[in-house]
Amino acid sequence: MYKTKSGEEIFIIDGHVHLWDASPENIKNIHGKQFIDCFFGYHSALSPPEQVWTAEKFAKYGVEQMEKDLFIDGPDDMAIMNPTYLKDFYKNGFNTIEQNAVLKKRNPDRIILNGAFDPRDGEGGLEALHAQAEIYKIKGVKLYTAEWKGNSRGYKLSDPEAYKYLETAEKLGIKNIHVHKGPTIIPLDRDAFDVADIDHCATDFPNLNFIVEHCGLPRLDDFCWIAVQESNVFGGLAVVLPFIHSRPGYFAKVMSELLFWLGEDKILFGSDYGIWTPRWLVEKFMAFELPDELVQETGKQLTLDIKKKILGGNAARIYGVDIEAQKAKLRHAEMAVA
Amino acid sequence: MTVTNQARIDEVRAALDRVTDPELDESVVELNFITGIDVAGGDVSVTFRLPTYWCAANFSYLMASDMRDAVAVLPWVEKVAVVLDDHMFVDTINDGVAAGKDFADAFPTEAQMDLSGIRLNFGLKSFERRQEALLRHLLAEGFEPSVILQLTVDGLARVSLNEEGRKLRARYLERRPLAGPLPAAFVSRDGTEIAPDTLTAYLRNVRRVGLNAEFNGALCRGLLAARYGEAPAVLPAEPGLIDFLRMAPPPAQRV
């Protein structure tokens, strides 16, 4: 919970968090090492200096540290956990649903557990998706269209195989499709930077929500264009938001563009924990104001009400969370910290 | 090192300075990607690095081959070796560029498109970005939209501008041939005319392209610096009030 100076409580749903294991014991090869090094680069390049961790802590921070950073020291009321398998790089995977389920078990009212699928897994993958829906009651999945698999260097969400999975997801009540379209892993020319596939599937699956993580960076321009045309395309702020510290001027402009093209109801806060911690992000975001010149030009403001939507309201809507009921529930439940 | 050698190294650096990262539309020299230039007689060796191990192979390949070509045209150069360091595809890229292969030949299983498509797409983004900067500059200098938009390329070249304006114009004219038939100085990326009364909306639209590139530029500098434990290369100044004023609809104009 974040409290404003006037005492108003703001319900925070962190739209994008991870619990990973990139400890030396779990790293399978050079790619695994370079992958976590790259994440650490993001962390150290965009965090305020006093928020920078050691590389050792960053590689594996564990459940208790995460609870502390999100819910005790941090302002998050709930968090959406998105898995990242990367089994080619890490022996037990980087950040699997099984790992995330540990946190869910300890904090059942706070964690929204998402699954994953890969259309290249054929029938077996569809069965696995059914199993995830049954065991974990997932309402969302995270997809990495650029992930390597055997000889394949990625896929498009508009591929026929992907459509089979999206149809299955819809049947299983998995409504929220988070797609990693951002600075990424191994993009060649069939690449994750291209956001055009979202345009197709958003039209063909009007009952699903497509949350484009990282707002399609580094293709923000193309993404805004697609998102404005599709009412079920959302933008996740992970990676975009940390610029609020290092490049506030650019952040203001990007935020104005997102408000202009996507609109205030389609932008979701996400810390991308453990790359960044939510406390400083939320504090800076709450204190942030768009320069008057920009507001005059775009006609878009970043009011308290809009901030509330971005920080929790929009995610609550697409995940079916009743904020008032959830507040009451959390007040009564003691957090199961061991 | 002889004086001649230093002069040649400077020539190589100047040639490399004209090679851009296609996504960021900035010089690979300014971005601090170049780690070494060696000259021995007519033999040149250039080494470079990128912000992450994962930087897209197609862009990496494009930069490496552009560097090779930019250096090869210097009259005294006999042989050029361009070597990328610390990247997941170092061998494929370095061998492919050394052998003068197409990207598609170097990456036969992955590449589905030759680099020319990517080059054109990003060339057009660069065109829009440079065009926007020049148009905003001209508007801020008080030129009327109807006058600006009637200019031919030759006419634009004759307009009297201050130093910043001349720089923006030169950068824009480098990319102008990519978009539609001459001689109009200002057209949209598909070659169509821009009507004076739609200019404000047009500029709003293309601004996303420049903003995107600036954002990526800041990210890449930060990642490169974090990766190699250095201070980030100098960033272009954050836009100040003047830039915001430039974005406002132009005031009453002089002709």
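Here is how names work: the chains are called A, B, and so on, in the same order as the sequence lines, proteins then strands, and each is numbered from 1. Reckoned from all heavy atoms, side chains included, excluding hydrogens, waters and symmetry mates.
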Which atoms of Trp225(A) approach chain B - backbone, side chain, both or neither, heavy atom under 4.5 Å: both

Any side-chain heavy-atom pair of Phe40(A) and Arg227(B) under 4.5 Å: no

Lys/Arg cation over aromatic Phe215(B): Arg247(A), 6.0 Å, 45° cone: no

Residue Glu257(A) versus chain B: region with a heavy atom under 4.5 Å: side chain

Side chain, backbone, both or neither of Phe260(A) within contact of chain B (heavy atoms, under 4.5 Å): side chain

Within-4.5 Å side-chain heavy-atom neighbours: Ile93(B) and Phe107(B): yes

Student check: side-chain heavy atoms of Val29(B) and Phe48(B) closer than 4.5 Å: no

Which portion of His43(A) sits near chain B, non-hydrogen atoms under 4.5 angstrom: neither

